[in-house]
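Proteins get letters first, then strands, A, B, ... in listed order; numbering begins at 1 in each. None of these values were measured; they are calculated from a predicted model.
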Amino acid sequence: MPELPEVEHVVRFITPEIEGARLRGLLPLDGRGALVSHAKLVRSGQRPAALSEQLAARRVRSVRRRAKLIVIELDAGLALVIHLKITGKLWVVPEGRAVGRHDRVRIGLPRRRALVLEDMRKFGWIGLFDADGLAGLCAKLGPEPLDDAFRLPVWRAILARRPKSKIKAVLLDQAALAGVGNIYADEICHAARVSPHRRCAELAGREEAALHRSIRKILTRAVDERSGAPDQKRVGSGGTRRDWSESPVTIKVFQRHGERCPTCRRATIERSVVGTRGTHACPRCQP
DNA sequence: ACATGCACCTGGGAGC
DNA sequence: TGCTCCCAGGTGCATG
């Protein structure tokens, strides 16, 4: 599920729930007192008991997003960072609610509530970092596409650095540009009328500009449409493929192979592969 | 240095 | 119904 717009939505959704809250450490997941579902969940290296101790009594100063990372700034110069990867979801629930099969960690909040990371595929992670650790995580990330600083010359420079790569590979590369994932990469290429298989060096100047405009337009629209959704139940990833179609976000090509292209209304959307990722495009609109 | 491809997990859905 | 196979929205690392 989560690309930039979805992570942004999660951040906005949980901010009023946890800002200013004093954390109570990790809550047990089962009767035997396990604090995490599997060891690799904690990416910052602490044992679960130590992480729990370090979190206890820390206050949440603010919540923000960087690329697809959820950054929960705490006092004492610490940051609790969460990556949802593909199937992760973040909920604020009553502490007494039954622990779900895919709940990976529960962080105690005031008023007998908990911040729960649910993640079927166990790719998601959490970490508690100091300022240097957080800077290290962010150092590898490219620019934020919705920042004012992300102007056309910045985008052209990114493309110039990767002349032989397919445009979709660059859109997906978090070190080149932060926050775009497989859904919006396809949607951006379609909106820009550029085939995802095109090599960056072969793009015309107007195509570079169209991609730049589409990156901003598609992501901005998705963030805006998400903001109308009351909670994550409306933002997909409930389990079935194409759950995103129940979301309020307009999707024109992603996983719509075999359907008529909604733009030209003539050609049929085709599925192909870029790298290992399923790719969807209209052969007529995206030469 | 850069491009590619698979490994990491668990499950849903399609097809037989 | 039940089996097998294919596919899955994100990275990280090994390989060329």
Protein-nucleotide distance (A:Ile82, atom CD1; C:dT11, atom P), rounded to Å: 15 Å

Lys/Arg-Asp/Glu bridge criterion (N-O < 4.0 Å) met for A:Glu73, A:Arg61: no

Value in whole Å for how far the P atom of C:dG9 lies from CD of A:Glu187: 13 Å

Shortest side-chain distance from A:Arg121, nucleotide among C:dG10, B:dG11, B:dC9: B:dC9

N or O in side chain of A:His102 less than 4.0 angstrom from B:dG11 OP1/OP2: yes

Path from A:Leu78 to A:Val71 over hydrophobic side-chain contacts below 4.5 Å: no

Non-neighbouring partners of A:Arg97 that pass salt bridge (charged side-chain N to carboxylate O under 4.0 Å, His left out), sequence neighbours left out: A:Asp103

Residue A:Arg193 excluded, over 12 heavy atoms near CZ under 6.0 Å: no

Phosphate OP1/OP2 of C:dT11 contacted by A:His83 side-chain N/O (<4.0 Å): yes

Selection from B:dC9, C:dA8, C:dG10 that lies nearest to any side-chain heavy atom of A:Lys122: B:dC9

Nearest-neighbour nucleotide for the A:Phe254 side chain, C:dG9, B:dG11, B:dC9 considered: C:dG9

Nucleotide nearest A:Lys40 when distance is taken to its side chain, options B:dT10, C:dG12, B:dC8: B:dC8

Atom pair distance, as rounded to whole Å: CZ in A:Arg101 and C1' in B:dG12: 12 Å

Rounded interatomic separation in angstrom, taking CZ from A:Arg104 and C1' from B:dC9: 9 Å

Interatomic distance at C1', C:dT11 relative to B:dG12, whole Å: 22 Å

Touch class at under 4.0 angstrom, heavy-atom based, for A:Arg43 against every strand present: sugar-phosphate

Any A:Arg277 side-chain N or O less than 4.0 Å from OP1/OP2 of C:dC7: no

Nearest-nucleotide pick for A:Arg199, side chain only, options being B:dT10, C:dG10, B:dT4: B:dT4

Atom-pair distance (NZ on A:Lys85; C1' on B:dG11), nearest Å: 18 Å

A:Val60 vs A:Leu23, side-chain contact (heavy atoms from CB on, under 4.5 Å): CA-CA, chis, key distance, verdict: CA-CA 7 Å; A:Val60 175; A:Leu23 304 180; 3.9 Å; yes

A:Leu171 reachable from A:Val253 in the ILVMFWY side-chain graph, under 4.5 Å edges: no

ILVMFWY cluster, A:Val105 and A:Ile18 together (side-chain gap under 4.5 Å): yes

Residues A:Lys252, A:Glu187: salt bridge by 4.0 Å N-O rule: no

Positions of residues 166-182 of chain A (non-hydrogen atom under 4.0 Å from DNA chain C), listed by number: A:Gln174, A:Gly181, A:Asn182

P spacing across the pair B:dC6 / C:dC6, given as an integer number of angstrom: 14 Å

Strand DNA chain C as a dot-bracket string - pairs counted if Watson-Crick or G-U with both distances under 3.5 Å, | where the partner lies in another strand: .|||||||.|||||||

Between P of B:dT4 and NE2 of A:His197, the distance in whole Å: 12 Å

Sugar-phosphate only, base, or nothing, as touched by A:Gly278 at under 4.0 Å among non-hydrogen atoms: sugar-phosphate

Backbone N/O of A:Gly179 and side chain of A:Gln174: donor-acceptor pair under 3.5 Å: yes

N/O (side chain, A:Lys68) to phosphate O (OP1/OP2, C:dG10) under 4.0 Å: yes

Per A:Met120 side chain, nearest of listed nucleotides B:dG11, C:dA8, B:dA3: B:dG11

Salt bridge flag under 4.0 Å for residues A:Glu95 and A:Arg106: no

C:dT11 base stacked by A:Phe123 (centroids within less than 5.5 Å, tilt under 30°): no

Pairwise 5' ranking along DNA chain B for A:Arg161 and A:Gly275, keeping only the more 5' one: A:Arg161

A:His212 (side chain) donor-acceptor with A:Phe150 (main chain) under 3.5 angstrom: yes

Sugar-phosphate only, base, or nothing, as touched by A:Arg162 at under 4.0 Å among non-hydrogen atoms: sugar-phosphate

A:Ile86 CD1 - C:dG12 P separation (whole Å): 12 Å

Selection from B:dG11, C:dG12, B:dG5 that lies nearest to any side-chain heavy atom of A:Thr276: B:dG5

Between C:dG9 (P) and A:Lys89 (NZ): distance, integer Å: 16 Å

